[in-house]
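The structure appears right after this line, and notes come after that.
Here is how names work: the chains are called A, B, and so on, in the same order as the sequence lines, proteins then strands, and each is numbered from 1. Atom set for the values below is all heavy atoms of this structure, side chains included, hydrogens, waters and symmetry mates excluded.
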Amino acid sequence: MKAIVCVKQVPDTSGKVAVKADGTLDRASMATITNPDDLSALEAALRLKDATGCEVDVVTMGPPPAEGMLRECIARGADKAYLISGREFGGSDTFATSQIIAAGINKIGVEADDVIFCGRQAIDGDTAQVGPQIAEKLGLPQVSYVAEIQKDGNDLVVKRMLEDGFMMVKVQTPCLLTCIKELNEPRYMSVGGIFECYDNEKHPMTILDYPALKDDPLIEVDTIGLKGSPTNVFKSFTPPQKGAGMMLTSDAPAAELAGILAKKHII
Amino acid sequence: MAYDFRDIAAFKGVWVFCEQREGVLQNTDFELISEGRKLADELGCELAGIVLGNGISDETAKEVGGYGADKVIVCDSPLLEHYTTDAYAKVLCDKVREYKPEVFLIGATNIGRDLAPRMAARLHTGLTADATHLDIDTTKYVEFLKESSSLDLSKQKFDYEDRNLKMTRPAFGGHLMATIICPRFRPQMSTVRPGVMKKAEFNADKAAACVVERPAFELTEADIKTQVLSVEKAAKNMVDLIGADIIVSVGRGINKDVQKGIELAQQLADALGGGVVGSSRALVDAGLISADHQVGQTGKTVHPKIYVALGISGAIQHTAGMQDSETIIAINKNESAPIFGVADYGIVGDLFKVVPQLINEIKAAKAAK
Ligand SMILES: Cc1cc2nc3c(=O)[nH]c(=O)nc-3n(C[C@H](O)[C@H](O)[C@H](O)COP(=O)(O)OP(=O)(O)OC[C@H]3O[C@@H](n4cnc5c(N)ncnc54)[C@H](O)[C@@H]3O)c2cc1C
Ligand SMILES: Cc1cc2nc3c(=O)[nH]c(=O)nc-3n(C[C@H](O)[C@H](O)[C@H](O)COP(=O)(O)OP(=O)(O)OC[C@H]3O[C@@H](n4cnc5c(N)ncnc54)[C@H](O)[C@@H]3O)c2cc1C
């Protein structure tokens with residue numbers, strides 16, 4: 001058994017988000033972090049490792065600097081890392097992204113009782129589509145919005161959140177789970193881990209580029225990258241600033257407001 | 001004829017996946033059907049709802065007709081009683097391959113967002129996530145951009161013959177809007193954010209006239225690799241934010257006396273004409289109010305007639321969920337709180353002092369009418 005965790009490096013959208021005049025994001029001016037849901041996915045995999053001693057592999061698709069994030073995952077306790085990187089992959093939509101990551105996972109190899117972990121949603125693209133699409137490409141069952149995981153023989157019993165409650169679901173392995181932040185509290189990097197994370201012998205870092213993946217049966221070379229992706233961004237723009245509202249500054253603002261609301265038939 | 005996702009001309013009609021929970025169709029379904037009607041009219045084609053479940057009566061199914069569907073397709077089986085990705089994706093993909101709709105909409109609920117990507121990957125087509133605005137007609141789309149974007153349209157060229165579905169969605173936590181198209185493959189698929197599209201008036205005659213089709217489909221237990229052991233509803237009654245006309249939301253500004261703050265909010269909502277209490281995420285995270293009250297990017301998107309923000313700073317993740325409300329009132333003690341930037345009316349002051357006054361003044365103003 002092993003766990004494979006998909007992690008994405010994202011701009012930190014919780015702070016100031018810089019948008020250029022043409023409506024695209026000024027990524028260069030923003031700090032990058034590991035996608036928060038993915039840290040919970042990694043933590044869930046590490047807990048499986050604590051319980052069973054299984055191997056934990058981390059995979060990302062991204063530009064070469066994403067290697068730093070993978071090293072941090074190793075410092076938290078992951079065993080091996082895979083960096084999928086190539087100019088041909090740039091600009092992929094979720095269909096294309098999941099195809100490429102699925103091919104990468106195919107290279108690693110999915111065995112009988114493996115579990116693939118994804119975050120539910122990346123905070124930049126915000127689609128929550130990549131996890132289920134990887135599962136489809138690999139032909140694996142999926143459970144999304146996972147908030148609890150228990151092993152039950154060769155199956156997993158997981159709690160899947162709904163808007164108005166939850167479902168308990170039993171799923172056969174191998175399978176793919178998408179995790180929400182509420183699943184757990186991710187651990188910190190350990191001192192030993194930080195020390196070891198650049199040790200390529202103990203923790204190999206494999207680069208999977210276009211030539212390494214292009215012949216994989218899951219890859220269709222004409223549906224990857226910006227040109228090949230099924231969806232295209234037709235326009236992007238920033239929402240307009242609403243015109244300034246009216247501040248009620250008289251001595252009796254509550255009475256003033258009630259008067260306006262009545263006059264405008266809002267109440 | 002073989003199914004070919006590239007053969008654009010072979011696809012016709014707008015479909016809406018209508019999610020049921022415990023046999024009951026959801027508000028989101030009716031919102032999407034109402035929106036689907038507009039798209040079908042722009043395309044000049046038929047609008048169909050598709051319902052999967054166990055023991056779905058014609059009467060239940062025809063409800064979608066009341067919001068504008070010409071037809072409803074029902075796939076009924078004990079294996080479809082509870083949602084499972086495997087069963088639902090299989091039946092829906094098989095039906096799409098059979099009927100070939102050109103547009104397929106799914107509510108961006110947490111079932112829809114599990115199902116749609118799986119289907120799009122299987123059907124070999126694109127999928128837009130969590131759309132908040134849809135257009136076929138380019139003229140209408142340009143009108144929308146005029147109102148809702150900061151783009152300088154004089155510098156943009158548009159093809160007014162274009163019949164692709166233009167699906168607009170927020171990304172990067174609401175800081176950026178993107179219009180997505182899927183020009184080469186069909187169907188054009190999108191999940192659509194609940195609470196955003198306006199529900200049409202229910203029309204009983206149209207519901208009665210709606211055609212119910214129950215086509216054959218193949219599904220066996222072996223197709224389903226997951227098993228639903230139980231479905232639990234949250235113990236408490238959930239607050240219905242999406243259906244409310246008046247929402248008074250509270251934020252960290254009530255911290256000094258949370259109980260009193262929530263009470264005042266409810267009293268204000270009642271004085272305004274009857275409504276519910278919402279909240280910012282800060283209170284939910286602090287465990288002071290349950291998560292079903294949360295408005296915002298990771299909570300509910302609402303557009304009530306009146307939205308009041310009490311002691312809420314107005315972070316973009318909050319405003320993303322309420323900025324389209326008809327009238328927004330903000331009360332905050334900090335005059336530079338960003339919430340005043342989206343508010344129609346603002347009062348700077350301590351909410352514990354201002355709200356009781358406002359309740360009295362509103363009652364008085366109403367009595368004087
Ligand atoms: C403004 C804008 C709007 C967009 N809208 C759409 C759209 O509507 N439809 C569409 O198909 N594409 C869209 N895209 C493209 C999409 O953002 C990219 O395909 C992106 O690579 C993956 O989507 P996501 O960030 O939403 O990831 P999500 O699907 O939200 O990610 C879920 C999980 O999948 C895993 N994962 C995702 N990406 C990676 C990765 N690179 N490496 C490792 N693991 C990963 C992680 O575990 C993550 O938590 C849009 C892009 C932009 C800039
Ligand atoms: C990925 C992500 C998703 C998020 N999703 C959401 C979401 O869905 N919804 C959401 O709301 N937030 C969300 N947030 C959190 C958001 O960024 C803010 O932290 C949150 O909205 C702040 O809540 P608040 O306005 O109640 O608290 P604060 O920002 O602390 O503001 C409190 C306000 O109360 C005022 N105040 C204090 N005392 C009084 C008084 N006596 N009278 C009047 N005013 C007073 C203060 O001046 C201040 O403006 C999200 C954040 C992230 C990173």
Side-chain angles (χ1 to χ4, degrees), chain A residues 13-14 17 19 23 25 93-95 98 123-129 132-133 135-137 141-145 157 161-172 229-242 244-248 253-255 257-262 266-267, chain B residues 85-86 109-110 113-114 117-118 120-122 125-130 148-151 166 171-173 175-185 225-234 238 272-273 306 323 327 340-347 349 354 357-358 361-362 364-366 369:
Chain A
T13 57
S14 68
V17 172
V19 180
L25 211 69
D93 74 351
T94 65
F95 183 97
S98 59
I123 59 169
D124 53 348
D126 268 350
T127 67
Q129 292 176 181
Q133 296 199 313
E136 172 65 21
K137 304 262 152 108
Q142 78 194 39
V143 185
S144 51
Y145 292 86
V157 173
M161 299 311 290
L162 295 170
E163 290 88 347
D164 55 353
F166 61 88
M167 273 180 183
M168 297 304 294
V169 180
K170 189 173 190 164
V171 56
Q172 300 168 10
S229 288
T231 66
N232 311 130
V233 176
F234 179 61
K235 287 259 165 333
S236 66
F237 53 90
T238 47
Q241 296 296 348
K242 208 172 152 170
M246 178 180 181
M247 296 302 284
L248 303 165
L257 177 57
I260 294 172
L261 295 178
I266 296 169
I267 54 171
Chain B
T85 316
D86 293 336
T109 63
N110 59 17
R113 295 188 83 173
D114 181 88
R118 188 95 198 188
R122 192 171 305 173
T125 191
L127 173 65
T128 301
D130 212 16
S148 312
S149 84
S150 39
L151 289 176
K166 291 162 272 293
F172 299 94
H175 292 276
L176 194 67
M177 301 295 290
T179 303
I180 310 288
I181 52 172
C182 177
R184 291 181 297 135
F185 304 143
K225 292 179 186 147
T226 56
Q227 184 193 350
V228 176
L229 303 175
S230 64
V231 183
E232 317 269 341
K233 280 256 190 185
M238 306 287 255
L272 285 167
I306 308 177
Q323 62 197 2
T327 299
F340 290 128
V342 298
D344 299 291
Y345 303 103
I347 296 180
V354 177
Q357 292 167 2
L358 188 57
E361 295 294 348
I362 287 171
K366 281 189 157 180
K369 264 194 164 183

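Both the backbone and the side chain of Ile180(B) have a heavy atom closer than 4.5 Å to some heavy atom of chain A. For Phe185(B), the part sitting under 4.5 Å from any heavy atom of chain A is the side chain, from C-beta outward, and nothing else. Heavy atoms closer than 4.5 Å to chain B are found in the side chain of Tyr145(A), but not in its backbone. Proximity to chain B (any heavy atom under 4.5 Å) is restricted, for Ser229(A), to the backbone atoms N, CA, C and O. Residue Leu261(A) touches chain B through its side chain alone, counting heavy-atom pairs closer than 4.5 Å. Contacts of Lys137(A) with chain B are made by side-chain atoms alone, with heavy-atom separations under 4.5 Å and no backbone atom involved. Interface remark: Ser230(B) contributes backbone and side-chain atoms alike to the contact with chain A (heavy atom separation under 4.5 Å).
Under the 3.5 Å distance criterion, the side-chain polar atoms of Glu361(B) are left unmatched by any main-chain donor or acceptor of Gly259(A). Under the 3.5 Å distance criterion, the side-chain polar atoms of Ser150(B) are matched with a main-chain donor or acceptor of Thr238(A). Checked by atom type and distance alone, the side chain of Gln142(A) never pairs as donor or acceptor with a backbone atom of Thr85(B) at under 3.5 Å. Here the side chain of Glu232(B) pairs no donor or acceptor atom with the backbone of Gly165(A) at under 3.5 angstrom.
In plain terms, the two heavy atoms of Phe237(A) and Ser149(B) that are nearest each other are CD1-CB, 3.2 Å. Looking at every heavy atom in both residues, Thr125(B) comes nearest to Phe95(A) through O-CD1, 3.5 Å. Shown here for Gly125(A) and Ala171(B), the closest heavy-atom pair between the two residues is O-CB, 4.2 Å. Closest heavy-atom contact between Pro183(B) and Pro230(A): CD-O, 3.8 Å. Of all non-hydrogen atoms in Thr231(A) and Leu127(B), the two that sit nearest each other are CG2-N, 3.5 Å. Of all heavy-atom pairs between Pro117(B) and Gln133(A), the closest is O-NE2, 3.0 Å.
For the options Arg184(B), Gln357(B), Lys366(B), heavy-atom pairs under 4.5 Å to chain A are most numerous at Arg184(B). Of the residues considered (Gln227(B), Arg113(B), Arg118(B)), Arg118(B) shows the highest number of contacts with chain A, using heavy-atom pairs under 4.5 Å. Of the listed residues Val171(A), Val157(A), Thr127(A), the one with more heavy-atom pairs under 4.5 angstrom with chain B than any other is Thr127(A). Heavy-atom pairs under 4.5 Å with chain A were tallied for Gly126(B), Gly346(B), Ala129(B); the largest tally goes to Gly346(B).
Contacts of Phe340(B) classified as ring pair (Phe, Tyr, Trp, His ring centres under 6.0 Å), with partners at least two apart in sequence or in another chain: none. For Asp114(B), the salt bridge (charged side-chain N to carboxylate O under 4.0 Å, His left out) partners are Arg160(A), not counting sequence neighbours.
Contact check for Ile347(B) versus Leu257(A): side-chain heavy atoms found under the 4.5 Å cut-off. Between Leu162(A) and Asn110(B) there is a side-chain heavy-atom pair separated by less than 4.5 Å.
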